[in-house]
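The block underneath contains the structure these notes are about, expressed in structure tokens.
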Amino acid sequence: MNIANLKSKFPVFKKNPNLVFLDTAASALKVDEMIEATNNCYTNEYANIHRGVYELSSKLTKKFEDARKKVADYLNTSQNNIIFTKSATEAINLIASCMSKSYFKDGDEIILSFLEHHANLIPWHLSERNIKIIPLGLNQKSEIDYDELNDKINLKTKLITLTHMSNVTGSITNFDKVKDIANKHNIPILLDGCQFAPHKKVDLKDLDPDFYVFSAHKMYGPSGLGILYMKDKWIDSFSPYQGGGQMIYDVDIDKSTYASGFEKFEAGTPPIAQVIGFSSSINFMNEVDPNIIYDHEMKLHDYTYEKLSKFNNIKIFGSNKDKGAIISFNIEGVHNSDLGAMLDKKNIAIRTGHHCCQPLMKHLNITGTSRISFGAYNTSEDVDYLLQSIREITKILI
């Protein structure tokens, strides 16, 4: 597929052909085949799955489990290690809850960084155990200071949980460095892949984390679906996160026993249509190739970064080389929310505010930024129009 023609795959541009959408880090626009697959599921295929013996149910059950295998194949892992949740946020909450019940003890420590999204902070605050959060500092390029990681590990360190790619600076975590250090101390690792997975190929056999989470809605797929990869040792050792249908083995009035494997974490009716739709999003990613998407986005990023850097009174946050196509910046004398509102009048969508990363904002001594984040559908014309619009708005506001 020619990446230059990808806009035609996104129906929103048929209704609003002049839209410049630069908020993919928050949620990606929806590809046509995903929309069609979801609509077809509800219109022609829908039934509850796993328990019905009639044709509609059995056919959709097979399609649902085939989708699990497609997700697993895309990630180069086993379908038995893929758990469907309602969001990546729920996936991290699931891990935090299960670890609180059977792994953490009071006084244990976990290591994370100032780059983390709130979704990789608050679940640990809610732990049933009195655990201590140890933050990793950032270097001058606003990337993780890996030298600190080895220094901050001790006998109480029980987990390292990090973003794979920052949703503010775009910084990509050097997982090889993290893994080398963690493996020496036999410490499990959780990677939040919400920003990384939609933009570069994820090979879990190569990465080999204990846990990996990401969201379908950031990968041109539906909202209401998170994907959780969990190693066998944790699937076997954790007790269920929630109770209900499907995750049971046998139930009496006063006791119950539970399914084994990933099934024990999928209580109740699953996100059926979302999984079917996401399977088509995977088709799109495979057809285009996520690494080609990444190269395309980074060409736009580099061009934008170069031009923005020449603006007067601008500060761009994060200057590291290994990053994704995200640019967060502030212009002296221009409030980020004013810039965002005025760009909206020009049919340009960017994100402003703290981006659910308040600890990072406090670390940088700011309250928020303007953020540009690219997707497969963006073009050089989008960038030129954005830059022209920022110049015009800046002249008005300063």
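Predicted model, so just to flag it, every value in this text is computed and none were measured. Hydrogens, waters and symmetry mates play no part in the numbers below; they use all other heavy atoms, side chains included.
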Closest approach of [X] to [Y] (non-hydrogen atoms, all atoms of both residues):
{"X": "F238", "Y": "S102", "result": "CD2-OG, 3.7 Å"}
{"X": "L159", "Y": "P188", "result": "CD1-O, 3.5 Å"}
{"X": "G277", "Y": "P222", "result": "C-CD, 4.3 Å"}
{"X": "K101", "Y": "R129", "result": "O-NH2, 4.3 Å"}
{"X": "D106", "Y": "N130", "result": "OD1-N, 2.9 Å"}
{"X": "K231", "Y": "N81", "result": "C-ND2, 3.8 Å"}

Do side-chain atoms of [X] reach the backbone of [Y] as a donor and acceptor pair under 3.5 angstrom?
{"X": "Y103", "Y": "W234", "answer": "no"}
{"X": "E109", "Y": "K132", "answer": "no"}
{"X": "N150", "Y": "D147", "answer": "no"}
{"X": "T163", "Y": "M165", "answer": "yes"}
{"X": "N313", "Y": "I331", "answer": "no"}
{"X": "S328", "Y": "V168", "answer": "yes"}
{"X": "S97", "Y": "N93", "answer": "no"}
{"X": "D289", "Y": "N291", "answer": "yes"}
{"X": "N378", "Y": "G375", "answer": "yes"}
{"X": "R371", "Y": "I326", "answer": "no"}

Side-chain donor-acceptor contact under 3.5 Å, [X] with [Y]:
{"X": "S319", "Y": "K141", "answer": "no"}
{"X": "K70", "Y": "N283", "answer": "yes"}
{"X": "S100", "Y": "S127", "answer": "yes"}
{"X": "E116", "Y": "S113", "answer": "yes"}
{"X": "H301", "Y": "K323", "answer": "yes"}
{"X": "N76", "Y": "D203", "answer": "yes"}

- Whether F175 and H164 hold their rings parallel, tilted or perpendicular, with breakpoints at 30° and 60°: tilted
- Query: Do the ring planes of F10 and Y377 sit parallel (below 30°), tilted (30 to 60°) or perpendicular (above 60°)?
  - Reply: perpendicular
- Relative to F114, does K362 satisfy both conditions: NZ or CZ under 6.0 angstrom from the six-membered ring centre, and within 45 degrees of the ring's axis? no
- Query: Is the cationic atom of K264 (NZ for Lys, CZ for Arg) positioned less than 6.0 Å from the six-membered ring centroid of Y258 and within 45 degrees of its normal?
  - Reply: no
- Item | Carboxylate-amine/guanidinium contact E65 R68, below 4.0 Å | yes
- Message: Whether K7 and D382 form a salt bridge (side-chain N of Lys/Arg under 4.0 Å from carboxylate O of Asp/Glu) is what I want to check.
- Response: yes
- Message: Please determine whether ring-ring contact (aromatic ring centres under 6.0 Å, His included) holds for the pair F262 and F84, giving the CA-CA distance in whole Å, both sets of side-chain angles, and the decisive distance to 0.1 Å.
- Response: CA-CA 9 Å; F262 65 83; F84 291 130; 8.3 Å; no
- Query: Is there a path of hydrophobic side-chain contacts, each under 4.5 Å between heavy atoms of I, L, V, M, F, W or Y residues, that connects I293 with L75?
  - Reply: yes
- Does the pair N330 and T369 meet the rule for a side chain to side chain donor-acceptor pair (under 3.5 Å), with working shown? CA-CA 6 Å; N330 280 331; T369 72; 5.3 Å; no
- Query: When the aromatic ring centroids of H199 and Y294 are compared, is their separation below 6.0 Å?
  - Reply: no
- Of H354, H355, H125, the residue whose pairing with H118 passes ring-ring contact (aromatic ring centres under 6.0 Å, His included): H354
